[in-house]
Amino acid sequence: MPDVTLIIDGQTVTVPAGTNIVDAARSTEVSIPVFCYHPKLRPVGMCRMCLVEVWTPRIDPATRQPVLGEDGKPVLALMMGKLQPGCVPPVSDGMVVKTVTDKVQFAQKGQLEFLLSSHPLDCPVCDKGGECPLQNLTMQFGPSTSRFDYADKVHFEKPIALGDTIYLDRERCILCSRCVRFQDDIAGDPVLGFDNRGRAWEIISKSDPPFDSKFSGNTTDICPVGALTSADFRFKSRVWEVRSVPTICTHCPVGCNLTFDMRHNQLMRVMPRENDYVNEIWNCDKGRFGMRFAESGDRLTTPLIRRNGKLVEASWEEALQLVGERLAELRDDAGSQALAGLAAPDLSNEDLFLFGKLLHDTLGSPNLDHRVGVAGEAAIDDLPAAYGVGQGTNLLELGKGTAVLVFGADPEEEAPLYLLRLRGILARGGDVTVVNPYATKLEHAATRSLRVRPGAEQALALALLKVVIDEALDTTFAERLRDTDQLRRILGEYTLAQLAEAAGVAEEQIQAGARAFAQAEHGIIIYGRHALAGGNDLSNTLANLALLCGKVGRANSGLIALTSGGNTRGAIDMGVRPRGGLSAAEYWPAASAGTLRGMYIAGLDPARQSAAAAAALGNLEFLVVQDIFLTATAELAHVVLPTATLFERDGTFTNAERRVQRSRQARPASAGQPAPWEIFQRVAQAIPVAVPAGNSNGSDRAAGWGYVVASDVADEISRKVAGYSSAGYTSLGVTRQSWGRQANDDVYYDGTSYINTEGVGVQISSRADDPKASFSLSRVAYPGAAAGEGIALLPVVRAYDGGDWARGSKLQPRMVPAHVVLSHADAARIGIGVGETVRIETVAGSASLPAQIDTGLAEGVALLPLVAGIAAGDLLTGAVTAARIERAE
Amino acid sequence: MPPLTEHIVLRDLDVPNIGDQEVYIQNGGYEALRIALKEKTPADVMTMVKDAGLRGRGGAGFPAGVKWGFLPKGVYPRYLLCNCDESEPGTFNNHQIVDRNPHQLIEGIILAAYAIECHTAFIYVRGEFAHAARTLQRAVDQAYEKGFLGKDILGSGFELDIIVHRGAGAYICGEETALMESLEGKIGQPRLKPPFPAVAGLYGKPTIINNVETLTNVPMIVRKGVEWYRTFGTERSPGTKVFSLSGHVNRPGNYEVPFGTPLRELIEADYYGGGMRNGNQVKIVVPGGASAAWLTAAQLDVTMDYEALAAAGTMLGSGGVIVLDETVSAVEVAYKMDEFFKHESCGKCTPCREGTHFLVKVLHRLNHGGGRQGDIPILHDVYNQMAGNCFCLLGESAVVPIRSALKLFPHEFEEAIARATAGANGANGKHAIALVTH
């Protein structure tokens, strides 16, 4: 858009057309006070705080030219003859804005006097005190006294719970509607509204349960007064007493930048930290309120060793000695192949790198994985390393000209911030096609939704490819592609009609989706749990689609996989994946058969998810479990090692867009539990090595294990791991200015913890970023028959899954109970009502669960939320499991 | 100026039972519709209304035909809204039209819809008008039965549905954008403008919104022609206006008069107000509903048209003429009127929500023997903090009574304060009037 030049308080300002006056002023030294306006929300002009004089050149109606005065300058006219809210009218050329006139100051004083005439002025007991725009603006612009001397301030019951996590104090509320607009426009959960009118106008929750949104916490940040406060932080601390520590959320692959506000080494609250590349200024409630687990009294504090069948406390020296010796014994006795390791995909890159080094390099085992090895979980998918979104990708800048294909994913549950980011792309004019076998929240906002038949996802992906090839929609990339003939041959065997029929989606819908994607300037494919559970064929087909359309190897195009865990990308990059050995799913038969004899599990709990895995673990000769809680798996261990949490250690994490970000230690671990990487080092150091002949000193320390701090490991990662050379700690600390120079000026938008002084991280390149790279299309196959007889049971991710992260969280009441979701038709056929128990039988096992009914679900499809109480491994056979569901007797 | 021998709008006064469809048809009803659909293009109808100089009777007085011309070309669907949320204190003319002459309104809506090429029209009826809404619905049903509404009206191929929608009794829903919000099922509060309704109104579509009285004029313009219409009223305010005369006159009621009729005639003529009760003197005239600035006895020679009233510093507004005699207290009148605005403030913007409350607080104490030194400057400050700073005209309207009262009768405020500080009880010793608000 062309730029517009105007004058604000005597300063000439040039800003893009469409900018409003408040934002234009923010690019200079001029502060126009606001309450209802927020740069992330649509302006409403309600609070009348930003009233300014706006003068525009008078236009001669006949000539449409500015009228010139005697001095030859344009004659200016006061817009509408009165003050204008600066948040509403867009700037125009020749405009003159005056923000410091008697009239304006009278109005500003007046609005503040009005606002305070209803306000309780209970700042001394208000959580917002110290970062409150009403306080700040009153000091700067308001009258020092009020002439409204009545005791009848607005009175409401205060505060009321607006949900499990948010309290509303209606007396403090200045009715700016920021929270309502956030929920309506940004989050897409229109659960807040207004009731009554006039001075009795009040915010209400319209949902059941109240404030039913995964993004509710953000409203407390943007609330310009203390009306919305979080149950998590109420009365915990004054905001100026906290020490703000920058961290990264590891609950999902978004990698939201967080601030842990600490006082006396206790977590007071979690706030989002601004990073336009990742989470803007938002985060989800799981990240905000789901961080209390570290303070749980159930934390493991000392190592445990199994003696006489019981786990008993032991010293670190003893435990580490035992682990080192036993692992070495097993290696020497049964060979490295008999050892295996599992490390959680929410550990840091430093942890995972050293875990790989310990298992693979020091112990020689090829058996590594970051999954628990139960049916229906995600395949290891390394495609984003090759075709991941190009360096410089920023979803915030995407809109018109961008097409996103969201395939087999439920962003709201799997990676909540992506729902906001995608809604933003849609709001800015982008195109989003959703392909999923069941309804998701994103679908409501999406450009089109393709409800694929479960098990026929590959048919649909091939159909999209076929449209692109048949219509020759995009050939810009063709010269860099090899093996297109093979793909053409496979696709030539089917008509679009056949593929569409198999997928259960209308041809026109497929064509529309394929065309939108192929013809967009930027194209991104986001695929999630359901797609990943279907195995690598599907993701290869999706990669082919991106390749064929030239949507790789540049910024804002490529693949994004929504994996479980906050650092699955890092786990894959650091080599915590089968390295020529067994995968997690193969561990359990091998352990049961006795070919696997020792195992090291860090942060995962396979025993909870599968009886077979639990039995296999029980068969091991030596099991080390390293965790923060005594999990079901830990209870089977021979040695249990307690470890530090995210709070208590430094480290880096790689998010779904391959952005490496650094998280800082917020406090020392209360019982001195070491960081996971430190434990791996100490275990490595405890492994006896054969003393080389002639070395009389005889060091029993393994060579190459001399890391002192996490950055020592990071240095080695940047030397040894492809793509990570650019991700040293120094580069990760580079900050970037976001939405305007005064974005973090607490006079306006509060939330001092937003400030990102610790860097926005580095997005590492994908292989496709190399302009000389050429690519092979993957061999893809037409899918076999869909799942067998019966109802197609699909595992689905639920953010509020009742995992260990939820311990001590205010979100506890929102945890999803174990249940199965049936279609209305199936429930009617079975004769089941809501909440009644059904019996589910599959070839893997059976379970009895209460049923919920979803009228939007297709007949013959049932959903199994993967939450606490569900042992997926005992019920599922894959991404789609044929199940018999009957009324439980 | 003699009274009308033939009414344009209040034809129920000329033709008994014109509310019956048969009677309406026998007296030229739906003839304009036949003429328009058979002989005229939509543009012709729009031009006629433009040429007739028909101005919006809802308050702003904007030329209706010009407004219709603001619709963006080629954008469909479009909606026509008839604003029948008549809630302005002292105004009750729409009610009579809807209750007694509903078919002429319906015909006007059909003609307007034809002119702007719209196929769905809504009549937003004030919640309290229960009986009138039923009358209107019955008339609409009859119009469907006769083929004046629905598909292929009178064989012309033109199609129109009219939906009668009852509000829930909020004054703010008479504001055009708040009316649209309410009609869409949302809380009735004004929207930010621009976009203006003609560009993005109901459901975000181009929308024309006209007052009941405005639309009721249209059939007569189309049937009898522009020249005939312009024989009434003044050059710039052609036609007639139905004034709702209330207060201390001997004959309160709705009077349809040509624009340009002197206010004095409206109050004093035997065929209109019939003079003041008990021969009392006029003290305050509110010429256009509670939102209009006050006139005094010295200004009774002003003529009742848009231009003359604007020149007198007030407005024609909704045509609700409230005449008050010397028995009233200006403080109390201002208090009563601002209490209304406070009660109706939607709460969306700060100055209206808090300012009306603040004003009423001070006015209440002044009116109840609790005035204090310094109250007058506070009142001036508060209304000045509101004036020009509110989101919509409701807050701006609330400024009007207190500003008028302070300007015209400052001594009454001073006396109220003096009396209070001297320990006397009660207001000026004068009794309250009840404002007619239906």
Side-chain angles (χ1 to χ4, degrees), chain A residues 35-36 42-51 53 78 80-85 87-90 103-104 106-119 143 146-154 173-177 180 184 190 193-204, chain B residues 168-173 178 181-182 185-195 339-362 364-365 370 372 374-375 377-392 394-396 398:
Chain A
F35 284 117
C36 67
R42 74 186 140 90
V44 283
M46 289 162 61
C47 74
R48 316 308 279 181
M49 193 60 223
C50 62
L51 291 169
E53 285 184 27
L78 185 63
M80 309 290 279
K82 55 182 188 176
L83 300 179
Q84 291 296 312
C87 66
V88 179
K103 219 174 159 185
V104 170
F106 179 76
Q108 288 169 340
K109 270 200 176 60
Q111 301 321 316
L112 280 164
E113 185 176 22
F114 283 156
L115 285 174
L116 296 178
S117 75
S118 279
H119 193 82
S146 172
R147 292 164 300 174
F148 189 81
D149 53 0
Y150 292 96
D152 72 334
K153 301 256 182 193
V154 178
C173 179
I174 60 166
L175 301 163
C176 71
S177 85
V180 177
D184 288 359
F194 285 105
D195 196 18
N196 224 317
R197 74 179 182 206
R199 244 183 154 213
W201 205 34
E202 57 173 314
I203 301 281
I204 52 163
Chain B
Y171 173 67
I172 187 62
C173 291
E181 290 282 294
S182 171
K186 300 173 189 156
I187 198 161
Q189 290 192 330
R191 295 177 183 170
L192 203 59
K193 288 187 272 195
E339 195 174 44
F340 169 81
F341 289 116
K342 180 205 128 182
H343 182 253
E344 295 296 342
S345 172
C346 77
K348 183 164 184 164
C349 76
T350 312
C352 177
R353 180 181 71 236
E354 306 294 341
T356 52
H357 183 79
F358 206 148
L359 280 179
V360 167
K361 271 291 173 194
V362 178
H364 181 271
R365 72 180 172 213
R372 300 178 201 169
D375 275 355
I378 288 180
L379 287 171
H380 277 294
D381 260 15
V382 172
Y383 79 67
N384 276 317
Q385 282 165 358
M386 297 167 67
N389 295 346
C390 294
F391 190 93
C392 80
L394 195 159
E396 306 293 340

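Letters A, B, ... are given to chains in the order of the sequence lines, protein chains preceding strands, and every chain is numbered from 1. Everything numeric in this text was worked out from a predicted model, so none of it was measured.
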Test item: A/Lys153 side-chain N/O and A/His119 main-chain N/O as donor-acceptor pair under 3.5 Å: yes
Best-contacting candidate, A/Phe194, A/Phe114, A/Phe35, against chain B by heavy atom pairs under 4.5 angstrom: A/Phe114
Proximity breakdown for B/Gln189 and chain A, heavy-atom pairs closer than 4.5 Å: side chain
Which atoms of B/Cys390 approach chain A - backbone, side chain, both or neither, heavy atom under 4.5 Å: backbone
Chain A contacts, top residue of B/Gly374, B/Gly347, B/Cys349 (heavy-atom pairs, under 4.5 Å): B/Gly347
B/His380 NE2: over 12 foreign heavy atoms closer than 6.0 Å: yes
Check: A/Asp195 and A/Trp201 side chains under 4.5 Å, non-hydrogen atoms: no
Pairing residues for B/Asp375 by the side chain to side chain donor-acceptor pair (under 3.5 Å) criterion, not counting sequence neighbours: B/Arg365
Check: B/Asn389 main-chain N/O paired with A/Arg48 side-chain donor or acceptor under 3.5 Å: yes
Results of side chain to side chain donor-acceptor pair (under 3.5 Å) for B/Ser182 - residues two or more places apart only: B/Tyr124
Residue selection (most heavy-atom pairs with chain A, distance under 4.5 Å) from B/Ile378, B/Ile187, B/Asp381, B/Thr356: B/Asp381
Whether B/Gln385 side chain and B/Pro351 backbone form a donor-acceptor pair below 3.5 Å: no
Closest-packed option against chain A by number of heavy-atom pairs under 4.5 Å, given B/Gly388, B/Cys346, B/Ala170, B/Cys352: B/Cys346
Best-contacting candidate, A/Glu113, A/Gln111, A/Lys82, against chain B by heavy atom pairs under 4.5 angstrom: A/Gln111
Interface residue of largest heavy-atom contact number with chain A, from B/Glu344, B/Met386, B/Arg191, under 4.5 Å: B/Glu344
Contact class of A/Val88 relative to chain B, heavy atoms under 4.5 angstrom: side chain
Residue part contacting chain A, namely of B/Ala387, when any heavy atom lies under 4.5 Å: neither
Region of A/Leu83 that comes under 4.5 Å of a non-hydrogen atom in chain B: both
Short side-chain to backbone donor-acceptor contact, B/Ser345 and B/Phe341, under 3.5 Å: no
